[in-house]
**Student:** 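There's a structure below that I have some questions on.
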Amino acid sequence: MTDSPQPAATLHQQILGDIEKRILSGEWPPGFRLPFEVELAKSYDVSRMTVNKVLTRLAAAGLVERRKKSGTFVAQPKVHSAVLEIHDIEAEVRSLNRAYGLQLLSRRLCLGGEAEDGDFEANGETRLLELSCLHTAGGAPFCHEYRLINLDIVPKAEEADFSRIAPGQWLRMEVPWSAAEHRIRAISPDRTMAARLNLARNAACLVVERRTWNEQDAVTFVRFTYPGDQHAVLARFTPQSG
């Protein structure tokens with residue numbers, strides 16, 4: 001079976017949105033087993049590979065749980081976000097039963113030495129795409145995203161429409177990553193950030209910075225700034241043996 005002649009992003013978003021809607025509406029409650037991949041592929045008239053990619057994204061967002069030999073099940077809802085993972089902000093917002101929105105605030109091409117963030121592993125000749133986005137939940141600010149994308153590694157990003165799809169979602173579909181680094185800190189927002197997030201100047205914000213690599217190449221740097229009273233860090237550890 002072959003996919004219908006639609007852009008890959010459209011197919012992914014259509015199926016992803018439909019399954020998310022069934023989960024978040026309660027039509028598919030926690031513990032419900034989703035139809036098998038072959039059944040979903042037949043239902044949407046797409047390849048099994050397309051369905052597999054969608055289920056992988058849903059699992060990464062924490063909406064479903066994939067069990068070997070058993071199938072895919074709707075996950076139990078989580079109160080806190082595991083910000084130490086590579087997760088999907090849109091899926092996180094929808095898991096709170098709130099409407100998701102994306103605003104592209106700014107976009108520009110620059111060289112490595114001209115970017116706002118000087119710690120990104122890029123020399124002065126590296127071509128970068130610098131983005132500023134606001135993610136909203138129910139019309140209210142959810143988090144601000146500042147991102148740099150290495151165009152020498154991901155040249156297709158220069159033509160991508162990030163007013164329609166979040167940069168993180170696009171990158172997960174287009175570029176594999178082999179390593180990631182997180183840094184988490186608390187800040188007080190400056191005047192610009194306070195206005196973007198609709199916060200008082202003395203409010204606290206949670207900042208999550210992430211760098212990802214594909215082998216030895218730096219792919220992207222992103223800084224997420226969340227209102228501190230609306231987000232929490234969740235990390236689970238297991239004891240080491242020996």
**Student:** Within the structure provided, determine whether R108 and L131 are in side-chain contact (heavy-atom separation under 4.5 Å).
**Tutor:** no
**Student:** Decide side-chain contact (heavy atoms from CB on, under 4.5 Å) for F142 and T136; before the verdict, give the C-alpha distance in whole Å, the side-chain angles of both, and the deciding distance to 0.1 Å.
**Tutor:** CA-CA 5 Å; F142 184 76; T136 63; 5.6 Å; no
**Student:** With the threshold set at 4.0 Å, does a side-chain nitrogen-carboxylate oxygen contact exist between R185 and E209?
**Tutor:** yes
**Student:** So that I can tick it off, tell me whether K156 and E174 are bridged by a salt bridge, with the cut-off set at under 4.0 angstrom between side-chain N and carboxylate O.
**Tutor:** yes
**Student:** Between C110 and E130, which heavy-atom pair has the shortest distance, and what is it?
**Tutor:** SG-CB, 4.3 Å
**Student:** The test is side chain to side chain donor-acceptor pair (under 3.5 Å); show your working for T192 and D190 and say whether it passes.
**Tutor:** CA-CA 6 Å; T192 299; D190 60 20; 4.6 Å; no
**Student:** If I compare all heavy atoms of A157 with all of F162, which pair ends up nearest, and what's the gap?
**Tutor:** O-CE1, 3.6 Å
**Student:** So do the side chains of E90 and Q13 get within less than 4.5 Å of each other, counting heavy atoms only?
**Tutor:** yes
**Student:** Any link between F32 and L40 through a network of hydrophobic side chains (Ile, Leu, Val, Met, Phe, Trp, Tyr) touching at under 4.5 Å?
**Tutor:** yes
**Student:** Could you tell me how the ring of Y146 sits relative to the ring of F221: parallel (under 30°), tilted (30 to 60°) or perpendicular (over 60°)?
**Tutor:** perpendicular
**Student:** Y100 and A166: which non-hydrogen atoms are nearest, and at how many Å?
**Tutor:** OH-CB, 3.9 Å
**Student:** Could you check T72 against R67 for side chain to side chain donor-acceptor pair (under 3.5 Å), going step by step and ending with a plain yes or no?
**Tutor:** CA-CA 6 Å; T72 302; R67 302 175 190 170; over 6 Å; no
**Student:** So that I can tick it off, tell me whether E158 and R127 are bridged by a salt bridge, with the cut-off set at under 4.0 angstrom between side-chain N and carboxylate O.
**Tutor:** yes
**Student:** Compare every heavy atom of C205 with every heavy atom of T225, then report the nearest pair and how far apart it is.
**Tutor:** CG2-CB, 3.8 Å
**Student:** Could you go through R66 and T56, starting from their C-alpha distance and side-chain angles, then the distance that decides it, and tell me whether this counts as side chain to side chain donor-acceptor pair (under 3.5 Å)?
**Tutor:** CA-CA 8 Å; R66 309 189 76 179; T56 298; 3.1 Å; yes
**Student:** Can you find a heavy atom in the side chain of L134 that is under 4.5 Å from one in the side chain of L197?
**Tutor:** yes
**Student:** Are any of the side-chain heavy atoms of I165 and M173 separated by less than 4.5 Å?
**Tutor:** yes
**Student:** Using the rule that Ile, Leu, Val, Met, Phe, Trp and Tyr join whenever any side-chain heavy atoms are under 4.5 Å apart, tell me whether V38 and M49 fall into a single cluster.
**Tutor:** no
**Student:** If we count only N and O atoms by modelled type, under 3.5 Å, do the side chains of R147 and T220 hold a donor and an acceptor together?
**Tutor:** yes
